[in-house]
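Only a predicted model underlies this, so the values are computations on that prediction, with no experimental measurement involved.
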Amino acid sequence: MKSEPDTYSIDDLARDVRTHWDGIRNYQARNMIRDHMRPGEQAFFYHSSCEVPAVVGIMKVASDAYPDPSQFDRKSKYYDPKSTKEQPRWFAVDVEFQSRLSRPVTLTEIREKKSLGDFRLIKRGNRLSVFPVSAKHWNIVQKLAGG
DNA sequence: GCCAACGTTGGC
DNA sequence: GCCAACGTTGGC
């Protein structure tokens with residue numbers, strides 16, 4: 001799961017421990033959290049759009065998907081006038097801090113690692129903020145971090 | 001349904 | 001700030 005550290009970083013999550021992962025406004029990403037994420041599953045925390053884009057930590061999915069409250073909040077930048085309580089368009093999940101990687105695994109490193117060649121993160125045109133990670137890729141990234 | 005215009009993501 | 005690679009919107 002990607003987040004811009006200027007907006008919400010692994011430090012913020014370590015402090016909050018648990019948070020609402022909201023503001024997802026892409027249908028594919030929404031489908032991912034609504035239809036495929038389950039409580040107890042693990043996820044990587046990835047810092048995007050920053051000086052050193054990198055996988056920085058591990059978190060745990062802490063809830064089922066639920067309608068993202070910000071879509072109904074007129075004052076939120078995530079407000080969606082086309083969304084109704086009866087038929088919400090957007091969903092959020094709760095996540096819990098689990099750990100930091102012993103060191104960040106940078107995007108550069110990931111690109112250089114042959115065995116991560118088919119990792120979705122570096123697939124051309126990938127802009128999804130939420131996407132599944134195979135067990136193989138999960139393990140390789142962890143190993144790179146030294147754990 | 002097509003497609004141009006526009007908006008967003010995210011690396012660089 | 002630039003730009004590629006998308007996704008979305010809306011006119012037709």
Residues in side-chain hydrogen bond (donor to acceptor under 3.5 Å, both in side chains) contact with S3(A), at least two apart in sequence or another chain: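 Once residues adjacent in sequence are excluded, S3(A) has no partner under the side-chain hydrogen bond (donor to acceptor under 3.5 Å, both in side chains) criterion.
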Side chain to side chain contact (heavy atoms under 4.5 Å, CB included) partners of E109(A), counting only residues at least two apart: R103(A), V105(A), T106(A), L144(A)
Looking only at atom types and distance, does a side-chain atom of [X] sit under 3.5 Å from a main-chain N or O of [Y], one as donor and one as acceptor?
X	Y	answer
K123(A)	D118(A)	no
N126(A)	I122(A)	no
N31(A)	Q28(A)	no
E41(A)	R38(A)	yes

Between protein and nucleotides 8-11 of chain C, what N or O pairs are separated by less than 3.5 Å?
none

Selection residues 109-137 of chain A - residue pairs positive for ring pair (Phe, Tyr, Trp, His ring centres under 6.0 Å), sequence neighbours left out: F119(A)-H137(A)
Sugar-phosphate only, base, or nothing, as touched by S48(A) at under 4.0 Å among non-hydrogen atoms: sugar-phosphate
Terminal axis angle for the helix from dG1(B)-dC12(C) to dC12(B)-dG1(C), five pairs an end, nearest 10 degrees: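 One end axis against the other gives 10°.
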Short side-chain donor-acceptor distance under 3.5 Å, S63(A) and R18(A):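 Checked: R18(A)/S63(A) side chains show no N/O donor-acceptor pair below 3.5 Å.
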Aromatic plane relationship, Y27(A) with W90(A) - under 30° parallel, 30 to 60° tilted, over 60° perpendicular: tilted
Side-chain ion pair, R30(A) and D68(A), N-O less than 4.0 Å: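 Looking at D68(A) together with R30(A), the answer is no, because their closest N to O distance does not fall below 4.0 Å.
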With 3.5 Å as the limit, what N/O pairs link the protein to nucleotides 3-5 of chain C?
{"unit_1": "dA5(C)", "atom_1": "OP1", "unit_2": "R124(A)", "atom_2": "NH1", "d": "3.1"}
{"unit_1": "dA5(C)", "atom_1": "OP1", "unit_2": "R124(A)", "atom_2": "NH2", "d": "3.1"}
{"unit_1": "dA5(C)", "atom_1": "N3", "unit_2": "R127(A)", "atom_2": "NH1", "d": "3.0"}

